[in-house]
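Everything below concerns the one structure shown next.
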Amino acid sequence: MRYFRCDAGDEAYEQARLALDAAWGHPNEATKTVTCIDPAAVAPRDSQGRIVLAVNDEFCAYPAAEAMLSQLLLADAVTEITSDEYM
């Protein structure tokens with residue numbers, strides 16, 4: 001598992017989620033997949049109200065996710081955190 005904190009706010013998180021949904025064709029009736037990650041309104045948050053995300057390593061290896069994650073990390077919009085920080 002990999003863990004991340006969205007430092008850029010809910011709007012940036014939603015933009016990333018919707019871009020990945022578009023790249024992966026969500027919602028997908030065949031698989032019943034509505035979205036790739038929880039919407040900001042229901043996403044887990046840390047004690048300061050920032051969205052935190054736990055995803056499988058494989059999720060981060062998909063080309064669309066890998067490219068987006070690289071950009072978000074470089075822009076300091078997202079920080080990779082430890083499992084303890086996530087909990």
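Quick caveat, the model's predicted, so the values are computed rather than measured.
Distance check: Leu18 CG to Thr35 OG1 gives 7.0 Å after rounding to the nearest 0.5 Å. Taking CG of Asp46 as the start and CD1 of Ile81 as the end, the distance is 7.0 Å to the nearest 0.5 Å. Atom NE2 of residue His26 and atom NZ of residue Lys32 lie 14.0 Å apart, to the nearest 0.5 angstrom.
Under a 4.0 Å N-O distance rule, the pair Arg45/Asp10 qualifies as a salt bridge.
The hydrophobic cluster containing Met1 does not contain Ile37, counting ILVMFWY residues as joined when their side-chain heavy atoms lie under 4.5 angstrom apart, directly or transitively. By the rule that hydrophobic residues join a cluster once side-chain heavy atoms approach within less than 4.5 Å of another member, Met68 and Leu73 end up as members of one cluster.
Looking only at side-chain heavy atoms (C-beta outward), Glu66 and Cys60 stay at 4.5 Å or farther from each other. Side-chain contact between Asp76 and Asp7 is absent, with no heavy atoms from C-beta onward closer than 4.5 Å. Side-chain contact between Arg5 and Ile51 is absent, with no heavy-atom pair separated by less than 4.5 Å. Side-chain contact check for Arg50 versus Cys6: every heavy-atom pair is 4.5 Å or farther apart.
Counting only residues at least two apart or on different chains, the ring pair (Phe, Tyr, Trp, His ring centres under 6.0 Å) pairs with a member in residues 68-87 are Tyr3-Tyr86. The stretch residues 32-75 participates, sequence neighbours left out, in these ring pair (Phe, Tyr, Trp, His ring centres under 6.0 Å) pairs: Trp24-Phe59, Trp24-Tyr62.
The backbone N or O of Glu11 sits nowhere less than 3.5 Å from a side-chain atom of Glu14 that would complete a donor-acceptor pair.
Leu72 and Ala16 get closest at one heavy-atom pair: CD1-CB, 4.2 Å.
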